[in-house]
Amino acid sequence: MFTIIKFVTGVALLTAAISSSASDLAILHNGFSIRHERRDVLGAVTRLYTAADASSYVDVSTDQIDHFEKDFSVPPPATKRENPKNLNEIINTISDRHHLDPDLINSVIHAESAFNPRAVSPKGAQGLMQLMPGTASQLGVRNAFDPHDNVEGGTSYLRQLLEQYNFDLIKALAAYNAGPHRVQRYRGVPPYYETRAYVARIVREFNRKKLAEQKASSAAKNAQSKTKGHPRATVKQASVPETSQQVTR
């Protein structure tokens with residue numbers, strides 16, 4: 001659930017400082033590992049190429065990398081790499097089907113994998129929404145590294161948790177991270193730093209997106225009124241609604 005990786009595709013190589021042979025693992029300080037074919041250091045950022053060519057890569061802050069090692073494991077099934085536009089289409093379509101706000105799903109994916117469809121956690125969670133193999137199997141996800149399958153499974157699971165907790169977003173996110181049994185045990189967010197930081201990160205990002213939308217909408221209405229010759233209305237800054245009211249559409 002690292003946040004220092006930014007997924008990018010189709011950008012030309014800028015400079016090359018260090019290269020490595022194929023099939024390496026970048027081991028991050030937070031425990032995550034990223035399989036890559038080769039790498040380059042670009043200033044404070046290390047670029048990890050996840051494909052044989054330069055078409056797909058992730059950028060990681062160099063100081064977040066602990067070390068590199070050879071990957072002797074069997075690589076996950078090859079999947080077609082989704083570009084940001086296609087991924088947005090996937091998220092929007094699936095969110096709409098499950099009646100959830102796509103900004104919420106985007107915030108969860110950002111916190112879980114930083115939009116890396118091949119991310120694998122130390123505990124074995126896989127893909128964009130970091131599904132554990134057992135959970136993925138129960139959700140009918142055939143390939144957790146396939147963006148569409150993963151987002152479908154993760155969104156379905158989050159919807160189930162929201163319904164289970166009467167659309168209390170805080171509890172649903174805590175259960176997504178730590179498991180429903182721990183939320184039940186502690187009658188709320190478990191006293192784990194990782195879980196509390198995870199929930200706070202998603203809620204903060206989600207609320208920031210909603211507030212930005214409200215401001216943009218207000219600005220558009222003001223501009224439209226001014227164009228029509230009406231006096232410009234004084235708009236009071238909108239407060240972000242309670243998170244439990246924002247998760248459905």
Side-chain angles (χ1 to χ4, degrees), residues 1-3 5-7 30-34 50 58 76-77 79-165 167-183 189-190 194-195 197-206 209 243-244 246-249:
M1 300 166 189
F2 48 97
T3 58
I5 299 176
K6 178 176 63 177
F7 177 72
N30 60 14
F32 278 88
S33 63
I34 304 175
T50 57
V58 292
T79 60
K80 182 180 179 180
R81 196 66 148 171
E82 297 290 340
N83 62 42
K85 180 179 179 180
N86 288 341
L87 183 56
N88 280 334
E89 292 174 355
I90 289 173
I91 293 172
N92 289 338
T93 299
I94 293 175
S95 298
D96 185 63
R97 181 160 58 249
H98 291 281
H99 305 290
L100 293 181
D101 192 314
D103 282 338
L104 174 61
I105 304 305
N106 270 290
S107 296
V108 171
I109 293 175
H110 186 197
E112 289 286 350
S113 67
F115 298 95
N116 179 7
R118 299 183 70 177
V120 179
S121 78
K123 295 181 179 179
Q126 302 172 337
L128 289 169
M129 297 188 73
Q130 290 290 275
L131 302 177
M132 293 297 290
T135 302
S137 178
Q138 293 175 5
L139 294 167
V141 177
R142 295 184 177 181
N143 181 4
F145 294 101
D146 177 78
H148 182 278
D149 289 357
N150 190 286
V151 174
E152 173 64 40
T155 302
S156 175
Y157 183 47
L158 182 58
R159 175 74 194 199
Q160 292 175 26
L161 292 173
L162 285 165
E163 293 177 354
Q164 179 177 339
Y165 297 109
F167 289 90
D168 185 326
L169 179 59
I170 303 300
K171 288 183 179 179
L173 290 174
Y176 193 98
N177 176 263
H181 61 290
R182 291 192 174 92
V183 173
V189 180
E194 177 188 350
T195 299
Y198 169 85
V199 171
R201 186 185 312 125
I202 292 176
V203 170
R204 184 165 53 247
E205 179 177 336
F206 180 50
K209 290 178 179 179
T243 56
S244 60
Q246 300 174 16
V247 296
T248 58
R249 304 172 78 183

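Just so it is clear, the structure is predicted and the values come from calculations on it, not from any experiment.
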Looking only at heavy atoms, what is the nearest atom pair of [X] and [Y], with distance?
| X | Y | value |
| --- | --- | --- |
| Pro102 | Asn92 | CB-OD1, 3.3 Å |
| Met129 | Ile109 | CG-CG1, 3.6 Å |
| Leu139 | Gly153 | CD1-O, 3.2 Å |
| Ala175 | Tyr157 | O-OH, 4.3 Å |
| Thr195 | Ala178 | OG1-CB, 3.6 Å |
| Met132 | Ala125 | SD-N, 3.5 Å |

Please check: side-chain N/O of [X] versus main-chain N/O of [Y], any donor-acceptor pairing under 3.5 Å?
| X | Y | value |
| --- | --- | --- |
| Thr135 | Leu131 | no |
| Ser156 | Glu152 | no |
| Asn150 | Asn143 | no |
| Gln130 | Ala119 | yes |
| Arg182 | Pro190 | no |
| Arg118 | Gly127 | no |
| Asn177 | Leu173 | no |

For the residue pair [X] and [Y], establish whether any side-chain heavy-atom pair is separated by less than 4.5 Å.
| X | Y | result |
| --- | --- | --- |
| His110 | Arg201 | no |
| His148 | Thr93 | no |
| Val189 | Lys171 | no |
| Leu169 | Leu162 | yes |

To the nearest 0.5 angstrom, please state how far the [atom1] atom of [X] sits from the [atom2] atom of [Y].
| X | Y | atom1 | atom2 | value |
| --- | --- | --- | --- | --- |
| Asn106 | Ile91 | CG | CD1 | 4.0 Å |
| Arg97 | Thr155 | CZ | OG1 | 9.0 Å |
| Leu128 | Phe145 | CG | CZ | 10.5 Å |
| Ser95 | Ile105 | OG | CD1 | 4.5 Å |
| Glu163 | His98 | CD | NE2 | 10.5 Å |
| Asp101 | Asp96 | CG | CG | 11.0 Å |

Residues forming a salt bridge (Lys or Arg N to Asp or Glu O under 4.0 Å) with Asp103, sequence neighbours excluded: Lys210

Geometric class of the Tyr198/Tyr176 ring pair [parallel <30°, tilted 30-60°, perpendicular >60°]: parallel

Sequence-distant partners of Tyr165, ring pair (Phe, Tyr, Trp, His ring centres under 6.0 Å), two or more places apart: none

